[in-house]
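Presented below is the structure to which this report refers.
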Protein chains: 2
Amino acid sequence: MTTELNPLGNHLSYALAAAHRSVTQALTVRLKKHGIQIEAWRVMECLDAGTKLSMGELAKQALLNPPALSKLVDRMVSDGLVHRQIATADQRQINLLLTNLGRRRMLQVRQDVEDEDRALAEQFDTKDGALLIQLLSQLS
Amino acid sequence: MTTELNPLGNHLSYALAAAHRSVTQALTVRLKKHGIQIEAWRVMECLDAGTKLSMGELAKQALLNPPALSKLVDRMVSDGLVHRQIATADQRQINLLLTNLGRRRMLQVRQDVEDEDRALAEQFDTKDGALLIQLLSQLS
DNA sequence: TGAAATTAGTTGACTTGGAAAGCAAATTCA
DNA sequence: TGAATTTGCTTTCCAAGTCAACTAATTTCA
């Protein structure tokens, strides 16, 4: 039972990378038909949540470094999903806003992400899915 | 207790991405002083495990797509960590071998990875680290 | 006040990764 | 056997990410 096929199997960092890779690949396939990146979907969900976010806040929540977010937003702007608005209080800050197209697109994508989530949850015994999320969040 | 700061927090794919990001960043910092990528370390561990691996097998174990592995190996060859050997049975296959430098480097890096693993394990109650690995491996 | 320091976001040069095509060896089978 | 197919790995071209430098707005404090 402790027979290891892979010398890396006991490393948490490896188990995490393997799981992340496999989940990401599956999700990417699902999102392909929307012509959208996982990161772009995360950005849109954060924007939809209500509170105005600066690029910096958004970067943290969407798990992107600032330059990566900047460039992703450039693409999303030219796809008509979001637009930049200079914050009134601090003119250096940008508030990103969903366009109507962006909001519609987000809702469609959300369907597929939730399908994927359900598919993943089925791989676990009843409470293990929530437990996994709980354990994972201790790491970030 | 169910107050969500982040609208994405309940998605397994998000929890996984967040944990992966944070663990990867920490590990990358540790490995920086060896001038080595996490992926390169994974490759070296796989090679060290004994059985001769083709590029294809290695790619799977090290969690890389074949083109990415090819390119990484190019770099590792020019850093003197590994060398390519054409397999005798099938001339299309490559067996990758660790050089002495590569083996020494791997042992040094392994120290740091294990330090990092221990640091991570401390964030959990006794058995939760192993449980997490077990749950994660159901996903890949 | 206003010069110096800090902060927010973007840009540019460079590196890395992915999809698809390419090449060569091995296998299939008519 | 040998033409057609499949397999293993690499290359090419392009998309995307990083680090460090940059611009502009804000804050600090002498």
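Side-chain atoms are counted along with the backbone in the values below, which use heavy atoms only and exclude waters and symmetry mates. In what follows, chains carry the letters A, B, and so on, assigned in the order in which the sequence lines appear, proteins first and then strands, with residues in each chain numbered from 1.
- Applying the salt bridge (Lys or Arg N to Asp or Glu O under 4.0 Å) test to A:D117 and every residue at least two apart in sequence or in another chain returns nothing.
- The outermost nucleotides of DNA chain C lying under 4.0 Å from heavy atoms of chain A, listed 5' to 3', are C:dT7 to C:dA13.
- Each of B:R75, B:R42, B:K32 was compared with B:Q37 under the side chain to side chain donor-acceptor pair (under 3.5 Å) criterion, and only B:R75 meets it.
- A distance of 11.0 Å separates CG in B:L63 from CD1 in B:I38, rounded to the nearest 0.5 Å.
- Applying the ring pair (Phe, Tyr, Trp, His ring centres under 6.0 Å) definition to pairs two or more places apart or across chains, those involving residues 40-94 of chain B are A:H11-B:W41.
- Without hydrogens or angle criteria, A:S54 side chain to A:I94 main chain gives no donor-acceptor distance under 3.5 Å.
- In this structure, B:L97 is not a member of the same hydrophobic cluster as B:M44, with clusters built from ILVMFWY side-chain heavy atoms closer than 4.5 Å.
- The separation between A:E39 atom CD and D:dG17 atom C1' is 10 Å, rounded to whole Å.
- In this view, B:R103 satisfies the side chain to side chain donor-acceptor pair (under 3.5 Å) rule with no residue, not counting sequence neighbours.
- With respect to A:K71 and A:D74, no salt bridge is recorded, no charged nitrogen being found less than 4.0 Å from a carboxylate O.
- Residue whose closest nucleotide on DNA chain D sits further toward the 5' end, between A:D90 and A:L64: A:L64.
- Nearest-nucleotide positions on DNA chain C for A:R21 and A:L53 put A:L53 closer to the 5' end.
- Contacts of residues 67-79 of chain A with DNA chain D (heavy atom under 4.0 Å): A:P67, A:A68, A:K71, A:R75.
- Here the C1' atom of nucleotide D:dT10 and the CD1 atom of B:I86 are 13 Å apart, to the nearest Å.
- In terms of polar N and O atoms assigned as donor or acceptor, the side chain of A:R92 never comes within less than 3.5 Å of the base of D:dT26 in a complementary pairing.
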Quiz prompt | CA sep, side-chain torsions, deciding dist, call: A:I86, A:N95, side chain to side chain contact (heavy atoms under 4.5 Å, CB included) | solution = CA-CA 6 Å; A:I86 297 178; A:N95 290 136; over 6 Å; no
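- Side chain of B:S22 to main chain of A:L139: a donor-acceptor pair is present (N/O by atom type, distance under 3.5 Å, no hydrogens or angles).
- In summary, B:D79 and B:R105 do not engage in a salt bridge, as defined by a charged side-chain N under 4.0 Å from a carboxylate O.
- Between A:N65 atom CG and D:dC19 atom C1' the separation is 10 Å, expressed in whole Å.
- If you find the closest nucleotide of DNA chain C to B:Q37 and to A:P66, the one lying nearer the 5' end belongs to A:P66.
- At whole-Å resolution of the value, CD in B:E57 and C1' in D:dT7 are 13 Å apart.
- Within a heavy-atom distance below 4.0 Å of DNA chain C, no residue of residues 24-34 of chain A is found.
- With rounding to whole Å, A:L63 atom CG is found 15 Å from D:dG17 atom C1'.
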